[in-house]
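Heads up, the thing below is written out as structure tokens.
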Amino acid sequence: MRRVALLGATGSIGRQAIDVVAAHPELELCAMQSGSTPLDALASEHGVEHAQVGGDAVELLERCEPDVVLNAIVGFAGVGATLWALDHGVTLALANKESLVAAGELAVAARRRGEGLLLPVDSEHSALWQCLEGRAPATVAGLVLTASGGPFRGRARAELADVTPAEALAHPTWNMGPKITVDSATLANKGLELIEARWLFDVPYDRIEVVVHPTSVVHALVRFRDGALLAHVGLPDMRVPISFALTFPDRAATDVPQLDLAGLDLSFEAPDTDAFPMLALARAAGERGGTAPCAFNAANEVAVAAFLEGRIGFLDVAAVVEETLARVDGAAARDLDDLVAADAEARRLAARGLQPA
Ligand SMILES: NC(=O)c1ccc[n+]([C@@H]2O[C@H](COP(=O)([O-])OP(=O)(O)OC[C@H]3O[C@@H](n4cnc5c(N)ncnc54)[C@H](OP(=O)(O)O)[C@@H]3O)[C@@H](O)[C@H]2O)c1
């Protein structure tokens, strides 16, 4: 029996994870957390002993002694749980990419100390992990992340000035929470994933590419030194990577339908970095290192929330992030306190950037 602590239980990933756990008798939910949604009914329906709304996820994890932490909290709020699981050598199934983006160096150090498993749940990284399994690092020439391109793919920059939150929330291929859906529309999500891939697989940025692949059936590819590429292909359904991480290494069955290959659209195109500058901003923040990725993430969270509330336009999201990155010092964080301070400073600067001049 594997005891799973599910953080972010009421979200898009959280709800799908509950279904995955319910389908596997060898998995048991020992704890659930949400940000603010009451959990009493959900916890009693699934016989969960420890349920917590808000508060400190680390306290919950210490109480429930899980075998696996599935971190499906959205945003920087997930960072404490990520570092706790890595430090304690508790298997971490990670959906909360923001924590690895913000705390990359601290997370790598914690993983080394804890010697536990860090299993990606993000579909592209689950795909990369599966393509890389058992390969010697010296044979890997590069990683390729695919992006759907979001609802505004093909539009020029000028055509993006007036798009609404409702339009940004209408994702063509994935059904996800609001923050990641807007991130997909700006391509910030692929920027976060670029940084996430760098920390998960220890591959430098200049060997990680992003291509737009509108049908989202190829989740990622690995380039090998002999010219071969391995791709991970399947229907875009998060239950597959959630199940793979929670049942690793058994690859348990799911009821996700098999992909019909006849007539499959496997087209790829380069991302439009003029219309979607967030990808280049993320790459630059990643290459700059220190707390620059933390600032990228913090400013993006502030700007996306403001966009969803109708306080700024779609193109302002990248402008706020760019301005914030230009103002932060980006000094490396020695510990979680430093990181929390860098996150707060970037949020303060980003919020100032929202004010009308
Ligand atoms: N959705 C996807 O298909 C997908 C795919 C790949 C990666 N991811 C990543 O997975 C994470 C979750 O995404 P999502 O789409 O599931 O988001 P979501 O639907 O917005 O759900 C977020 C969850 O986090 C909880 N939460 C928010 N703030 C919290 C806090 N301060 N402390 C504890 N819990 C908090 C929410 O609780 P309340 O319900 O109470 O607000 C909710 O349960 C994100 O990092 C995202 O990038 C998602």
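As the structure lists them, so they are numbered: ligands from 1, and atoms in each ligand from 1.
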Is there any N or O on [X] that sits under 3.5 Å from an N or O of ligand 1?
| X | result |
| --- | --- |
| Thr10 | yes |
| Gly75 | no |
| Met238 | no |
| Gly11 | yes |
| Gly8 | yes |
| Thr37 | yes |
| Gln16 | no |
| Ser123 | no |
| Asn175 | no |

Those atoms of ligand 1 less than 4.0 Å from some heavy atom in [X]:
| X | value |
| --- | --- |
| Ala77 | 30 (C), 31 (N) |
| Ala9 | 43 (O) |
| Ala95 | 7 (C), 8 (N), 9 (C), 10 (O), 45 (O) |

Inset, instruction - State the CD-CZ distance between Glu159 and Phe314, to the nearest 0.5 angstrom. - result: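 Rounded to the nearest 0.5 Å, the CD-CZ separation comes to 12.5 Å.
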
Legend entry - ring pair (Phe, Tyr, Trp, His ring centres under 6.0 Å) partners of residues 198-221, not counting sequence neighbours, each pair once: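 Those involving residues 198-221 are His213-Phe268, His219-His232.
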
Looking at [atom], what's its closest protein heavy atom, distance included?
| atom | value |
| --- | --- |
| atom 6 (C) of ligand 1 | Asp122 OD1, 2.9 Å |
| atom 47 (O) of ligand 1 | Lys97 CE, 3.2 Å |
| atom 33 (C) of ligand 1 | Gln33 OE1, 3.6 Å |
| atom 11 (C) of ligand 1 | Ile73 O, 3.5 Å |
| atom 28 (N) of ligand 1 | Gly35 CA, 4.2 Å |
| atom 8 (N) of ligand 1 | Ile180 CD1, 3.6 Å |
| atom 16 (O) of ligand 1 | Ile13 N, 2.9 Å |
| atom 20 (O) of ligand 1 | Pro178 CD, 3.9 Å |

For [X] and [Y], indicate whether the former's side chain and the latter's backbone hold a donor-acceptor pair under 3.5 Å.
| X | Y | value |
| --- | --- | --- |
| Glu345 | Ala341 | no |
| Gln33 | Gly54 | yes |
| Asn71 | Asn96 | no |
| His50 | Cys30 | no |

Legend entry - Cationic N near anionic O, under 4.0 Å, Arg239 to Asp255: yes

Legend entry - Pair Glu323 + Arg352, salt bridge at N-O below 4.0 Å: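 No, this pair does not count.
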
What part of [X], side chain, backbone, both or neither, has a heavy atom within less than 4.0 angstrom of ligand 1?
| X | result |
| --- | --- |
| Lys179 | neither |
| Ala72 | backbone |
| Ala57 | neither |

Legend entry - Between Ser99 and Thr82, a side-chain donor and acceptor under 3.5 Å: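 Note: Ser99 and Thr82 side chains meet the donor-acceptor criterion.
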
Legend entry - His171-Ser148 side chain donor-acceptor pair, cut-off 3.5 Å: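 Their side chains do contain a donor-acceptor pair, which is all the 3.5 Å distance test asks for.
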
Inset, instruction - For a side chain to side chain contact (heavy atoms under 4.5 Å, CB included) with Leu192, tell me which candidate from Ile180, Leu187, Val101 qualifies. - result: Val101

Legend entry - Option with minimal heavy-atom separation from atom 41 (O) of ligand 1, where the choices are Ser12, Ser36, Ser184, Ser34: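 The residue whose heavy atom sits nearest atom 41 (O) of ligand 1 is Ser36.
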
Legend entry - Atom CG of Asp250 with >12 non-hydrogen neighbours under 6.0 angstrom: yes

Inset, instruction - Inspect the surroundings of CG in Asp335 and state if more than 12 heavy atoms from other residues, nucleotides or ligands are less than 6.0 Å away. - result: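 For Asp335, atom CG is crowded (more than 12 foreign heavy atoms under 6.0 Å).
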
Legend entry - Residue among Asn297, Asp122, Asp183 satisfying side chain to side chain donor-acceptor pair (under 3.5 Å) with Lys97: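 Among Asn297, Asp122, Asp183, the one meeting side chain to side chain donor-acceptor pair (under 3.5 Å) with Lys97 is Asp122.
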
